[in-house]
Amino acid sequence: MNIRELFDDMWALYVRINPSVNKVRKLIEQHEGGPVKNDHIAIRTFNHPRVNREVLAKSFLDSGYKPVEDLKFEKKKLDATYYLHDDDDLTRVFISELKLEEFSPELQETINQLINQIPNKAIEQFDFCNSGTPWNPITKETYDFLKEESEYAAWVATFGFIVNHFTISVTDCNSFKNLEQVNAFLKENGYRINDSGGEIKGSVEQGLEQSSILAEDIIVEFDSLEYEPHDIPGCYYEFALRHNGFDGFIAGSADKIFESTDNK
Ligand code: NI
């Protein structure tokens with residue numbers, strides 16, 4: 001498997017889990033009259049040494065990606081790094097990790113128990129970062145418990161290592177001139193925009209504007225003796241418009257974008 005095949009597999013799994021994202025892409029492509037480019041993908045993990053962001057970044061680094069910048073999200077207790085490739089066709093990669101030591105011993109214990117279930121062999125796979133949950137499904141009680149402390153922890157425990165969001169590059173769109181137009185178009189088509197911190201995060205001056213639709217609920221089967229599915233926010237779709245050649249990310253904006261998977 002090479003890096004392009006990995007991205008194809010990531011998109012396929014993302015769409016399989018969240019069918020609505022494919023409808024959004026088709027809508028935008030219809031409006032554009034052609035294919036759209038991806039600005040970045042985001043992957044979530046924990047800072048546990050077995051699965052931290054360095055571990056998840058390995059396949060990208062082996063494929064020629066370079067780490068560009070580390071970002072800190074104090075309030076969300078997250079660290080992140082983004083990676084770029086010389087080949088412009090290869091999307092930016094953003095990997096964040098939750099700082100486990102800043103949470104309760106109970107949360108740490110719960111997450112450690114999940115991570116301990118992962119075989120070494122699985123971690124060594126090229127597509128480990130797209131392997132879903134290499135642990136037994138958590139219970140709804142565990143989900144609720146984790147979500148009390150960290151929505152992010154609950155999301156990763158439920159969905160594992162998959163792309164949290166793809167991002168349409170509005171920078172490369174022809175028919176949309178700004179994010180206001182994109183957001184209006186999406187709302188006309190029945191989608192809800194994440195308005196935490198305003199619908200558009202960032203500014204022209206900062207070099208990056210971002211918006212996102214809220215993650216749609218998807219049916220999750222937690223570990224249970226009875227068949228008892230629950231509706232849980234899945235992945236979301238993001239839209240990015242870059243200015244003046246800015247290639248990075250803005251911590252304050254991403255902080256609010258993270259909330260696109262919060263249970264509203
Ligand atoms: Ni993003």
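Only a predicted model underlies this, so the values are computations on that prediction, with no experimental measurement involved.
Side-chain atoms of Glu97 and Thr45 form no donor-acceptor pair, as typed in the model, at a separation below 3.5 Å. Residues Arg44 and Thr261 have side chains that bring a donor and an acceptor to within less than 3.5 angstrom of each other. In the model, Thr91 has a side-chain atom that pairs as donor or acceptor with a side-chain atom of Asn38 under 3.5 Å. One side chain, Thr81 or Asp70, offers a donor N or O that lies under 3.5 Å from an acceptor on the other. Side-chain contact, Gln117 with Gln113: no donor N or O sits under 3.5 Å from an acceptor N or O. A side-chain N or O of Glu209 and one of His243 form a donor-acceptor pair less than 3.5 Å apart.
Side chain of Asn178 to backbone of Gln181: a donor-acceptor contact under 3.5 angstrom is found.
For the atom pair CD of Gln30 and NZ of Lys23, the computed distance is 13.0 Å after rounding to the nearest 0.5 Å. The distance from the CG atom of Leu27 to the CD1 atom of Ile168 is 9.5 Å, given to the nearest 0.5 Å. Distance check: Asp86 CG to Leu84 CG gives 9.0 Å after rounding to the nearest 0.5 Å. The line from CG of Asn189 to CD1 of Ile28 is 8.5 Å long, rounded to the nearest 0.5 Å. The line from CG of Asp9 to CG of Leu13 is 8.5 Å long, rounded to the nearest 0.5 Å.
With ring centers used as reference points, Tyr237 lies 6.0 Å or more from His165. Ring centers of Trp155 and Phe161: at least 6.0 Å apart, outside the cut-off. Aromatic ring centres of Phe60 and Tyr83 lie farther apart than the 6.0 Å criterion allows.
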Test log, rule side-chain contact (heavy atoms from CB on, under 4.5 Å), inputs Gln125 and Ser131
CA-CA 9 Å; Gln125 298 297 311; Ser131 63; over 6 Å; no
Give the C-alpha distance, both sets of side-chain angles, the deciding distance and a yes or no for side-chain contact (heavy atoms from CB on, under 4.5 Å) between Lys77 and Tyr152. CA-CA 10 Å; Lys77 301 173 180 172; Tyr152 182 109; over 6 Å; no
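Across all non-hydrogen atoms, the minimal contact from Val55 to Pro49 is CG2-O, 3.5 Å. Residues Cys129 and Leu6 come closest through the heavy atom pair SG-CD2, 4.0 Å. The shortest non-hydrogen separation linking Tyr65 to Leu61 is O-CD2, 3.3 Å. For Asp172 against Ser169, the heavy-atom pair with the smallest separation is OD2-OG, 2.7 Å. The shortest non-hydrogen separation linking Ile218 to Phe159 is CD1-CE2, 3.5 Å. Scanning both residues, Ala154 and Thr158, for their nearest heavy atoms gives O-OG1, 2.7 Å.
For the pairing with Asn47, the side-chain hydrogen bond (donor to acceptor under 3.5 Å, both in side chains) check across Arg53, Glu102, Glu101 returns one residue only, Glu101. Partner of Gln210 under the side-chain hydrogen bond (donor to acceptor under 3.5 Å, both in side chains) criterion, chosen from Glu199, Glu238, Lys256, Lys201: Glu238.
Note on ring orientation: taking the six-membered ring where Trp is involved, the planes of Phe222 and Tyr143 are tilted (angle from 30° to 60°). Between Phe166 and Trp11, the ring planes are perpendicular. Angles over 60° get that label, and only those under 30° would be called parallel. Using a 30° and 60° split on the angle between ring planes, His40 and Phe94 fall in the tilted class, from 30° to 60°.
Under a hydrophobic clustering in which Ile, Leu, Val, Met, Phe, Trp and Tyr are joined whenever their side-chain heavy atoms come within less than 4.5 Å, directly or via other members, Tyr236 and Tyr191 fall into different clusters.
The shortest side-chain heavy-atom distance between Ile41 and Ile43 falls under the 4.5 Å cut-off.
Around NZ of Lys58, the count of heavy atoms belonging to other residues, nucleotides or ligands within 6.0 Å does not exceed 12.
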